[in-house]
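Presented below is the structure to which this report refers.
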Amino acid sequence: MFRKLGDWFRTFMYGRYGTDRLNLLLLCGGLLFSLLSTFVRTLDFLVFFSYALLFWAIYRMLSRNIAARQREAAAYNRFKKFFTDRQNRYYGCPSCGQTVRVPRKKGRISIKCPRCGQRFEKKT
Ligand SMILES: [Zn+2]
C-alpha cells in the first residue's frame with residue numbers, strides 16, 4: 001500500500017520543480033510566523049502572512065515552470081550573497097545597472113563596468 005503511494009507520488013512529482021533552499025526558507029518562515037501568531041494574540045495578521053508564505057512554497061514545489069523557479073532561486077542566491085559576502089562590495093553601474101563586485105577596504109577606487117565600459121569612482 002505504501003509502495004503504491006510512493007509510486008503515485010513519484011509520478012505526481014515528475015516534471016515538477018520540487019524543493020530548494022528558498023522553499024525551505026519560505027516553509028520555515030511560514031511556520032515561524034504561524035507559531036508567533038498563536039502566542040502573540042495582537043499579531044493576528046501574521047496568520048495571513050504565514051499562509052501566504054506556505055502557499056508560495058507549495059506553489060513553487062508543484063510548479064512545472066522549472067526555468068522560472070530556477071531564476072527565482074538564482075535571484076535569492078544573489079540577494080543572500082549581497083548580505084553575507086564580507087570580502088567584497090557590490091555596486092550597480094550608474095549607466096547600465098550591471099552589478100559589479102569589488103574587493104573591500106581598498107579606499108577610493110575607479111571601477112570599470114565589465115558590460116558597458118563606463119568608469120565610476122566608489123569608496124570600498
Ligand atoms: Zn555598465
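Residue numbers run from 1 in the order of the sequence given. All of these numbers come straight from a predicted model, not from anything done at the bench. As the structure lists them, so they are numbered: ligands from 1, and atoms in each ligand from 1.
Residues S63 and R69 bring a donor and an acceptor atom of their side chains to less than 3.5 Å of each other. There is no side-chain donor-acceptor pair under 3.5 Å between T124 and R89. Neither side chain, N23 nor Y17, offers a donor N or O lying under 3.5 Å from an acceptor on the other.
Remark: R101 pairs with no residue by the side chain to side chain donor-acceptor pair (under 3.5 Å) rule, at least two apart or across chains.
By the 4.5 Å heavy-atom criterion applied to side chains, L62 and F12 are counted as neighbours.
Protein atoms that are N, O or S and lie under 2.8 Å from the Zn ion (ligand 1) are these: C93 SG, C96 SG, C113 SG, C116 SG.
Following chains of ILVMFWY side-chain contacts shorter than 4.5 Å, one cannot reach I58 starting from Y14, and the two form parts of different hydrophobic clusters.
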